[in-house]
Novice: 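I'd like to ask you about the structure that follows.
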Amino acid sequence: MAIKSLDELKKIRDASKKKVDLREKGESTDNMIELLVGMATCGIAAGARETMKALNDAIEEAGLDNVKVIQVGCMGYCHSEPTVQASIPGKEPILFGNVDVDTAKNIIDKYIISGELLDDHVLNRTFRKA
Amino acid sequence: MAIVKATINGMEVEVQSGTTILEAAKKIGVRIPTLCHLNLEGTGIVNRVASCRVCVVEVEGRPALAPSCAEKITNGMVINTNSTRAITGRRMAVELLLSNHPQDCLTCAKNLDCELQSLAQELGIREIKWQGEKMDYPIDKSSFSLIKDPNKCIMCRRCETVCNEVQTVGVLSGINRGFNAFVGPAFNLDVANTACTYCGQCVAVCPTGALTEVNDVGRVWRVLNNPDKHVVVQVAPAIRVAIGEMFGMESGSVTTGQLAASLRKLGFDGIFDTDFAADLTIMEEASELVHRIKHGGRLPMLTSCCPAWVKFFEHQFPDLLDIPSSCKSPQIMMGSIVKTYYAEKKGLDPKDIVVVSVMPCLAKKAEATRPELTKDYNNDVDLVLSTREYGAMLKEAGVQFDQLPEEDFDHMLGESTGASVIFGTTGGVIEAAVRTAYEWITGEELDDVEFHALRGLEGIRSATIKVGDMDLNIGIAHGLGNARKLLEDIRDGKSQYHAIEIMACPGGCIGGGGQPYHKGDMEVIKKRQEAIYKEDRSKVRRKSHENTEIIKLYEEFLGEPYGHKAHELLHTYYIPRETI
Amino acid sequence: MSNYRMHVMVCAGTGCEAAESKIIIENFKEELKLKGYDQEIQVVKTGCFGFCGQGPIVKIQPDNVFYVKVTPADVKEIIEEHIIKGRRVERLLFEDPKEKVKLEKHDNMDFYKKQYRIALRNCGFINPEDIEEYIAFEGYEALGKVLTEMQPEDVIEIVKASGLRGRGGGGFPAGVKWGFTKNSPGDEKYVICNADEGDPGAFMDRSILEGDPHSILEAMAIAGYATGANSGIVYIRAEYPLAIKRLEIAIDQAREMGLLGENIFESGFDFDIILKLGAGAFVCGEETALIHSMEGCRGEPTKKPPFPAESGYRGKPTTVNNVETLANVCPIILKGSEWFSSIGTETSKGTKVFALAGKVNNVGLVEVPMGTTLREIIFEIGGGICDGKKFKAVQTGGPSGGVITEKDLDTPIDYESIKEIGSMMGSGGMIVMDEDNDMVEIAKFYLDFTQDESCGKCTPCRIGTKRMYEILERLTNLEGDMEDLEKLVDLGNMIKDTALCGLGQTAPNPVLSTMRYFPEEYEAYAKREKTKSYRIDPEKCIGCTLCAKACPVNCITGKVKEAHVIDESACIACGACFTVCKFDAVIKP
């Protein structure tokens with residue numbers, strides 16, 4: 001599917017736009033929850049692969065069908081890798097740090113299911129972006 | 001080309017744009033010391049890597065010093081070559097080099113010929129402030145031709161430039177990093193296990209003792225003093241126009257008579273001239289050429305007197321081994337004849353004869369050891385000295401070469417023609433061959449033997465010579481990179497030549513790897529070439545087939561040129577080799 | 001789903017914790033329980049908000065209200081006023097120092113504008129292996145705009161006007177570089193992305209390539225259009241397998257969508273990109289060495305001129321841009337040069353990514369506008385020095401740079417100012433050192449790196465850096481003397497003045513700069529006042545014998561309850577005694 005013009009490109013952009021809004025502001029038209037896992041070399045070295053697997057396992061275990069796990073790059077918080085951003089429609093996205101396997105399970109069981117935040121694991125976005 | 005103006009040490013200078021600071025400074029008489037820089041004008045040997053940092057100068061407005069060998073003059077540049085800053089940078093570069101140098105100057109093969117040594121003297125270095133670890137790598141003595149001592153390598157890269165860009169052999173390159181970097185074959189393989197042709201051009205340009213020849217002087221002294229051995233010597237054409245340089249004579253002095261006299265002084269039993277063997281080579285090679293032309297053989301035919309060239313095509317063009325002439329080189333032909341014809345005539349057992357060669361070449365040392373060039377008795381040639389080693393022997397023996405009376409070579413294998421003398425320069429072998437082939441093909445006498453179209457110093461030359469009703473297309477290349485171009489044309493079926501002469505060294509044997517060091521002065525090589533042609537003109541006989549001793553050799557011993565016995569004794573075969 | 005309707009988020013970063021955030025949390029929990037809200041409202045300990053100067057910080061969600069300088073005594077008021085009555089506690093809101101108005105949302109605070117992500121804009125937000133996610137964030141729109149609406153000259157003009165300079169260290173204006181290549185005659189030209197990131201501690205290029213590979217591909221295509229090149233090559237070190245994989249996927253996807261290849265956006269412009277893997281030699285980050293390496297030759301620099309813009313890859317005009325530089329290109333095209341040049345300082349526009357490492361709490365990648373001070377980066381964004389130690393110096397510019405000390409922490413950082421204070425921007429490595437760091441050892445570390453990574457081509461770098469390193473070794477082994485210090489300076493200056501390439505010329509910087517700021521540490525070694533061994537302070541030692549038991553070479557003696565002594569000649573300086581001592585009685589060498 002080759003893009004032949006700027007208009008065609010913008011159509012694809014608009015179609016993909018809801019992701020942007022969910023990730024940045026927690027706004028979305030459907031009910032999908034997104035979990036972004038920092039999967040750059042630094043994250044992987046800190047155990048992001050295991051984290052991602054644990055997230056998927058916990059989602060399956062809980063029988064959730066509205067949660068997507070997506071790999072992304074490095075957000076820069078090396079001091080707290082692995083990092084996971086949870087974007088629930090209607091809520092401000094929450095960034096979790098030092099997400100080991102247990103914490104990953106807790107993110108699903110506590111935060112996604114019952115909205116409970118996890119002590120010592122919530123990070124704050126400290127930047128703006130262009 | 002635009003003219004640019006600059007100031008060097010307060011003096012105005014006007015040069016073509018593209019001129020380096022070093023060249024511009026030279027033009028107004030300002031000398032800037034250099035070390036890695038080398039520019040053998042006309043040969044394509046230019047080393048401008050700017051790695052040694054000895055030639056650094058101060059350019060106003062620049063944050064750092066500039067290497068004058070590589071930095072081009074631009075308009076309005078203000079240059080200071082001897083400010084404290086420039087001198088400090090330069091001196092420290094030399095001191096640093098010395099701090100990682102064995103400093104065994106007194107016993108080094110390059111003692112008094114070393115450019116690093118001269119530079120240290122020129123800059124008045126009396127103390128090396130920086131002491132520390134020195135490189136400690138094994139010395140590569142794997143080959144019969146050259147010795148590589150990485151510990152004396154100063155990374156000037158001249159050898160690398162010559163090996164890669166000029167010769168396209170590609171054996172030498174920088175290896176390792178940082179302090180451990182030096183120039184050597186990939187993976188620091190022994191030279192003997194590489195495609196090295198032993199042309200010795202790396203030795204010829206090495207400023208230090210990192211690359212030197214295998215020294216055979218001791219072995220020659222031993223055989224000379226062995227009463228059971230009959231020691232015969234031969235000297236190549238290019239020696240007579242170069243060795244004088246080692247004894248304070250002017251470049252281009254022809255010293256054939258002194259050479260013969262000096263050999264006699266050292267006590268050789270037979271003093272022969274490789275020129276004789278060169279005439280013999282022409283008899284065979286011209287016959288082979290005429291044969292190939294008349295019988296539709298493989299053309300072009302390539303000369304085969306240069307052992308570096310032979311090894312080059314064995315490695316690089318193993319698919320073309322049927323193209324070169326099967327003739328052995330003159331040095332080997334001489335050995336072969338000495339150990340058969342001469343031995344027979346003298347009633348000597350070949351085993352008791354030692355053939356020593358004095359050659360301008362390091363590849364000749366390796367050539368003499370090739371297994372296919374030995375007979376059941378022993379090697380055709382036993383020991384090979386370079387011009388430099390022979391000069392050193394004379395000095396050791398106290399022979400004042402420049403003051404010797406002129407003498408002649410011993411007869412039987414001592415006569416030579418002008419055709420054989422020119423073997424020493426690029427274009428000479430093929431000119432000698434044409435002089436003979438012309439008369440053989442046309443049956444007419446050749447009046448003007450000088451074929452100026454074949455002469456010169458351009459890397460690749462070609463000429464068409466009218467031989468009767470046929471146009472003989474001749475190609476000439478010196479420097480293996482140039483040879484490669486002609487060979488590639490042959491491989492691609494584009495070559496129009498009947499015969500091609502190839503010599504590995506720039507200028508031919510006069511610029512050989514065993515000659516007195518030219519130290520980057522191309523004039524020296526030019527003068528040697530002029531001397532070669534001068535020697536040719538002085539000869540009564542200037543065509544190989546007119547050499548009376550050669551005629552006698554065929555009558556008494558060999559029979560027909562290119563005949564059965566000649567084939568057995570004077571021809572060889574080639575071996576396909578790998579590139580690494 | 002959610003049982004909690006509200007979250008009280010309390011910063012438990014090092015700074016805030018020191019300022020009683022623990023107690024604040026306890027108070028919140030107790031008070032909420034007391035009032036019966038503990039099932040509705042959750043109190044959460046969070047990581048550093050990065051606004052340590054205003055700590056402790058409490059944020060109430062989902063109201064998104066941000067309280068600063070909260071004390072344990074304030075907890076009750078926040079609960080009663082905000083949580084129960086829904087009214088803001090005005091006095092605890094942050095007051096904008098300029099506008100003098102109270103701000104309740106942290107997004108509006110200047111502090112959170114400190115980090116401004118342009119190059120890292122998509123990192124951590126998009127799936128790098130999904131081109132559609134890149135497109136969702138306006139991906140390939142810059143390329144589309146350039147190809148369909150602009151002339152190459154216009155593109156170069158925009159980049160020039162933006163003031164974007166090379167982020168790999170040199171700081172050369174990118175637009176000018178593109179202009180040189182465009183104006184060099186030749187029908188075959190190349191765009192090279194220099195992804196041979198080699199500074200110890202710097203990894204922003206890797207993060208960009210791993211997190212947002214398409215942004216680099218798009219920028220390369222734009223550079224190609226501007227300079228007249230149809231081929232792009234990413235020279236990337238083989239030690240970056242994930243970045244390579246993601247680039248490969250991205251290239252395939254871009255080709256599939258027609259965003260690379262022939263006739264992109266039906267404009268008639270062809271551009272394709274391939275990868276070349278390097279062995280990761282530091283010197284191959286130097287553009288001429290990089291090109292030689294790409295050509296299959298030994299990775300060695302050659303003299304410039306000629307610059308790659310005239311004669312580069314295969315002798316053709318070539319633009320070499322660093323990853324981070326390219327990452328800035330698309331936003332510049334879309335938002336305009338004025339937007340970009342409004343960020344930063346007079347001479348240095350836009351932002352710079354720094355890899356913050358060493359003895360700083362929040363190690364990581366930060367992207368700040370040019371002109372941000374080191375104090376802001378280290379103490380505010382970075383959360384200050386670990387374990388409450390004292391800041392000593394920060395090394396910027398990697399092995400080519402120098403150290404910056406306390407007195408220059410408030411200098412707004414840009415290419416020029418950082419040079420003036422004796423260091424350089426480099427590729428953005430920033431290593432923070434505390435009072436425990438030995439500056440001579442630090443300099444030795446960097447010199448070890450450069451002399452090891454020297455290509456060996458020129459004399460000063462090959463032998464000179466080795467000799468400098470040997471002198472440093474002598475000094476730290478307490479075998480040196482004062483004369484060695486002079487030698488270091490002489491050699492350092494000579495190498496700076498004579499080495500062939502930038503790497504050699506800058507190699508002495510860490511030594512020269514530490515010598516300048518910490519001469520006493522060098523002198524201590526030269527005068528052999530430094531000891532190699534640990535010592536015990538007899539005043540503090542109570543004779544607990546722990547150290548003696550821990551010493552692996554049994555060189556600590558002393559009776560129980562009496563001060564112990566270390567035999568300095570036998571001490572191997574392993575530090576075991578220091579670690580076990582509970583009374584701070586062991587003194588480091």
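From a predicted model like this one, the values you see are computed outputs, not experimental measurements. Chain naming here is simple, since letters A, B, ... match the order of the sequence lines and numbering starts at 1 in each.
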Novice: Do you know the tightest heavy-atom contact between A:L36 and C:G124?
Specialist: CD1-O, 3.7 Å
Novice: Under 4.5 Å between any side-chain heavy atoms of A:K110 and C:Q42, yes or no?
Specialist: no
Novice: Any donor-acceptor pair under 3.5 Å linking the side chain of A:H79 with the backbone of C:G382?
Specialist: no
Novice: Picking from C:N263, C:L242, C:I208, C:L259, which has the most non-hydrogen pairs under 4.5 angstrom with chain A?
Specialist: C:L242
Novice: Of the backbone (N, CA, C, O) and the side chain (C-beta and beyond), which part of C:R246 lies under 4.5 Å from a heavy atom of chain A, both, or neither?
Specialist: side chain
Novice: With a 4.5 Å limit on heavy-atom distance, are the side chains of A:I94 and C:M9 in contact?
Specialist: yes
Novice: Would you indicate whether the side-chain heavy atoms of C:I135 and A:I3 approach each other to under 4.5 Å?
Specialist: yes
Novice: Between C:D212 and chain A, with a heavy-atom cut-off of 4.5 Å, which part of the residue counts as in contact: side chain, backbone, both or neither?
Specialist: neither
Novice: Pairs in or reaching into residues 37-56 of chain A: which pass salt bridge (charged side-chain N to carboxylate O under 4.0 Å, His left out), with residues at least two apart or in two chains?
Specialist: A:K53-A:D57
Novice: Heavy-atom cut-off 4.5 Å, strictly under: side chain, backbone, both or neither for A:Q71 against chain C?
Specialist: both
Novice: Is the closest side-chain heavy-atom distance between C:H7 and A:V122 below 4.5 Å?
Specialist: no
Novice: Kindly give the heavy-atom pair with the smallest separation between C:E210 and A:A40, and that separation in Å.
Specialist: OE1-CB, 3.0 Å
Novice: Can you tell which part of A:T41 gets under 4.5 Å to a heavy atom of chain C, answering side chain, backbone, both or neither?
Specialist: both
Novice: Sort out for me which of C:K145, C:E149, C:R206, C:M204 touches chain A most, counting heavy-atom pairs under 4.5 Å.
Specialist: C:R206
Novice: How about A:V72 and C:F125: do any of their side-chain heavy atoms sit closer than 4.5 Å?
Specialist: no
Novice: Under a 4.5 Å heavy-atom cut-off, does chain C meet the side chain of A:L9, its backbone, both or neither?
Specialist: both
Novice: Report the distance from atom OG of A:S16 to atom CD1 of C:I126, rounding to the nearest 0.5 Å.
Specialist: 11.0 Å
Novice: What is the distance from atom OG of A:S80 to atom CG of C:N362, rounded to the nearest 0.5 Å?
Specialist: 7.0 Å
Novice: Within the side chain of C:R117, is there an N or O that forms a donor-acceptor pair under 3.5 Å with the backbone of A:M75?
Specialist: yes
Novice: Report yes if the side chains of C:P128 and A:M39 come closer than 4.5 Å at any heavy-atom pair, otherwise no.
Specialist: no
Novice: Counting heavy-atom pairs under 4.5 Å to chain C, which of A:G73, A:P93, A:G97, A:C42 comes out on top?
Specialist: A:G73
Novice: Taking atom CZ of A:R13 and atom CD of C:E132, what is their separation to the nearest 0.5 Å?
Specialist: 14.0 Å
Novice: Can you say whether C:V368 sits under 4.5 Å from chain A via the side chain, the backbone, both, or neither, judging by heavy atoms?
Specialist: neither
Novice: Does any heavy atom of chain A fall under 4.5 Å from the side chain of C:F203, the backbone, both, or neither of them?
Specialist: side chain
Novice: Can you measure from CD (C:E129) to CD1 (A:I70) and round to the nearest 0.5 angstrom?
Specialist: 12.0 Å
Novice: Under a 4.5 Å heavy-atom cut-off, does chain C meet the side chain of A:L118, its backbone, both or neither?
Specialist: backbone
Novice: Report which part of C:E138 has an atom under 4.5 Å of a heavy atom belonging to chain A: side chain, backbone, both, or neither.
Specialist: both
